[in-house]
Every structure is written in structure tokens, then in C-alpha cells.
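Just so you know, these numbers use all the heavy atoms, side chains as well, and skip hydrogens, waters and symmetry mates. When a ligand or atom number is given, it counts from 1 through the structure's own listing order.
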Amino acid sequence: TTMRIGLLFGGRSGEHEVSISSARAIARALAADENASKYEVLPFYIQKNGRWLSGTLPQQVLATGKPVEIEEQPGQDDSAASGQFPNFNAVDVWFPVLHGPNGEDGTVQGLLKLMQLPFVGSGVLGSALGMDKIAMKMAFAHAGLPQVKYIAVNRSEIWSNPCVFPKLCDKIEATLGYPCFVKPANLGSSVGISKARSRAELEAALDSAASYDRRIIVEAGVVARELECAVLGNDNPQASTVGEITFQSDFYDYETKYTLGQADCSIPAKVSGAIVSQIQEMAVQAFLAVDAAGLARVDFFYIESTGEVLINEINTFPGFTATSMYPQMWAADGISFPELVDRLIQLALERHGEKG
Ligand code: ADP
Ligand code: MG
Ligand code: MG
């Protein structure tokens, strides 16, 4: 009998479109020759407004790659009446293909855990720690992983009290200096991130970040190469070949990430074997430090002038399109895209079978 895979995609986040691209690639991989007899795909599409759809509409989104917006019918409750209410019971294993808040952050993982079915990727804790850059950095620090200097800020220090704000800026200038990076703690795809080179830019950056999140992180800026490593597994995770991202823009911002031709990757990265080993070891440590499961991509800063390797972040559901770094780094190690997807489902089953 075939296993029915509940492919959950779209979602209430700025990375809705990326999720659709990832889901298309994963659906194709599940239908590939080596997987077709094992798996059947049941797509569930979460609209930008948060409504879940199953049946033919999600199939249509997968086929076209375009989001669908359905007008809210006033006074009419969901699509249950038309027989379109998502049939959760038909699913054997969930595959949440969601990036960013409300999907990669433990919220959906909590729901799936309550449903008592296996699901691909990290659980509630791993997802939440992987999403919140402040909590993530605390977990990394505890594991002894080197990282940039940073200051955690609450929105109230920016917006609520006009006496506190100048002191906060003074502290950031004295501790981190310029340039510094100001980030909403719980986002991805560089959304809401600014590089501040002066007091005026710092003030504007803090105000902007506060519009995205209650929790904000400010980091010392480094001049570094950006290296990435894919991790696969549960309690004994493996690290992939290391890749490098290069681009012309000032930093790896949203536009650079998603405009064709603005960023390049090289796999393997042209760095020494010693740096590769160090990164692979740190990637596995980072994975374990946040209690990730299944998959994660761990990103690093390599400061060539000093030889230092700093951890930047972990992404518990990295971009998963055919051209994304995560599957490409595994391809370099001989694991094809369909095989990777198959392994992730097997890891979900393995983890579900464990206690706790
Ligand atoms: P996201 O989770 O949105 O990808 P990141 O923390 O990875 O956020 O930051 C996005 C990009 O901003 C990085 O890939 C890098 O180009 C730049 N960046 C972030 N923090 C720093 C830093 N401390 N020093 C230098 N560049 C940084
Ligand atoms: Mg990220
Ligand atoms: Mg990043």
C-alpha cells in the first residue's frame, strides 16, 4: 500500500511564494520513478489569510505555481458545506513545507504533534529555537559555538519610553559599533533586516524592525564569506559538503535572495579542508543545540583575514526548490532530490516511533 503524504504549503508568512516553489519540487520528487509506488501526495494549501484548502485547488496551485486568493463569503463558514473541508484523517505522514513564522516556528509542528501523526522536520522546540534569533543564539552560546557580538532588544525599549531609546542606542554604539545589523528576531529571507552605519540609520533600523516583531536583535557587522552546510538525520545527524553564497549587493538581502542572477553559489566552497571540517562539526553541534530533527541548513560567516568561523543561524526548513542550496549540497554528496525526500519521510517515521 502507498503512504499518503500530507504536503502542507503556502502559509501565513512573507515566504508564501517560496513555499509554493519548494512544495512543487517536493511533489515532483514524490512522484518520481523511485518514489511513485511508495507515496501518494495529498496537498493542503494554506492561503495567505491562513485558511486551509484541500482537494483540487491545492493541486491547481502546485500545477501553476501561483497563489490563489478566494473571496471570503460573508456569513458562510469555510468550505465544509461544499465537501472541501480538509480531510486530515487521510494523511499518514505530514510534510510541512513552510518557511518562516506560522510554519517553521513550531506553531504548525504543535498542531501536527497533537494529531499524533509523524511529520517531517523539527518538532516544536527545535522549530521555535531555530526561528527566534535571540533564543537560537542563547542555545548556540551554551553549546560553545562562536558567533558575532549581539544585543537583544524588546520593542518596548524602542517605542514605549522616549527616555530609554537614546540609552539603548548609546549602548549599541559602545558595545557593537558600526556597521551593525538590526533584525526582527522571528523572520527569515532577510525581511525587516537593515544594516546601520550611523546613529540616524540605527534609529531608523530599530524602528523598522520593531514594526515586524516584539523581539529584535542587533549584531556587530562582520566582513565575511557566507558558507552553508546542510544537515540530515535525527539523533546522529550528518553534515553535507559545504557551499558558498556570493553576490554583488551590500548584503544578502531579500532582493538578492530572490532575484534571478543576483546571487551565485559554489558547491563545494573553495576553502581549505580544515575549514570544511570545522564547519561540518559546528553544523552538527548547532543542529543538536536547538534539538532540530530531520533537516536543517546551518549558515556561517568565514572571516578570511583572521581565519575565524562564526555561526550565523540555523534554518529548520530551508528553501527546498530544485535550485536551493539544501538539496544541491546533498546532490554534491550523491543524494538525489527524490532520495532526499524519501529519507526525510523515513526520518519522520523513525522519530515518531520514539518516546518523547
Ligand atoms: P535571515 O534569517 O533572514 O536569512 P540572516 O541573519 O541570515 O537572516 O541575515 C541575512 C543576511 O544579512 C546574511 O546572509 C548576511 O548577508 C547579512 N548579515 C546578517 N547579519 C550579519 C552580520 N552580523 N554581519 C554581516 N552581515 C550580516
Ligand atoms: Mg534564516
Ligand atoms: Mg540567513
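One finds a salt bridge joining D250 and R197 here, because a Lys/Arg side-chain nitrogen approaches an Asp/Glu carboxylate oxygen to under 4.0 Å.
Here the side chains of T2 and S37 are not in contact, with every heavy-atom distance at 4.5 Å or above.
Counted within 6.0 Å of CZ on R12, heavy atoms from surrounding residues, nucleotides or ligands total 12 or fewer; the atom is thus considered open. More than 12 heavy atoms of other residues, nucleotides or ligands sit less than 6.0 Å from atom NZ of K38.
None of L62, L8, V61, L57 except one satisfies the side-chain contact (heavy atoms from CB on, under 4.5 Å) rule with Y45; the exception is V61.
Legend: residues meeting ring pair (Phe, Tyr, Trp, His ring centres under 6.0 Å) with Y212, ordered by chain and number and at least two apart, are absent. Scored by the ring pair (Phe, Tyr, Trp, His ring centres under 6.0 Å) test, F165 finds no partners at all (sequence neighbours excluded).
Geometric assessment of K113 against the ring of F119 yields a negative cation-pi assignment under the 6.0 Å and 45° thresholds.
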For ligand 1, output the ligand-protein N/O contacts shorter than 3.5 angstrom; if there are none, return none.
residue  : atom   : partner : partner atom : Å
ligand 1 : 2 (O)  : K133    : NZ           : 2.6
ligand 1 : 2 (O)  : E313    : OE1          : 2.9
ligand 1 : 2 (O)  : E313    : OE2          : 3.1
ligand 1 : 3 (O)  : S189    : N            : 3.2
ligand 1 : 3 (O)  : S190    : N            : 2.6
ligand 1 : 4 (O)  : K257    : NZ           : 2.7
ligand 1 : 4 (O)  : E313    : OE2          : 3.1
ligand 1 : 6 (O)  : K183    : NZ           : 2.6
ligand 1 : 7 (O)  : N312    : ND2          : 3.0
ligand 1 : 7 (O)  : E313    : OE2          : 2.9
ligand 1 : 8 (O)  : K133    : NZ           : 3.3
ligand 1 : 14 (O) : E226    : OE1          : 2.6
ligand 1 : 16 (O) : E226    : OE1          : 3.4
ligand 1 : 16 (O) : E226    : OE2          : 2.4
ligand 1 : 16 (O) : Y252    : N            : 3.0
ligand 1 : 20 (N) : K183    : NZ           : 2.8
ligand 1 : 20 (N) : E219    : OE1          : 3.4
ligand 1 : 23 (N) : E219    : OE1          : 3.0
ligand 1 : 23 (N) : A220    : O            : 2.9
ligand 1 : 24 (N) : V222    : N            : 3.0

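Residue-and-atom listing of protein N/O/S atoms under 2.8 Å from the Mg ion (ligand 2), sorted by chain and number: E313 OE1, E313 OE2, N315 OD1.
Checking S211 against S208 by side-chain atom types alone, no donor-acceptor pair falls below 3.5 Å.
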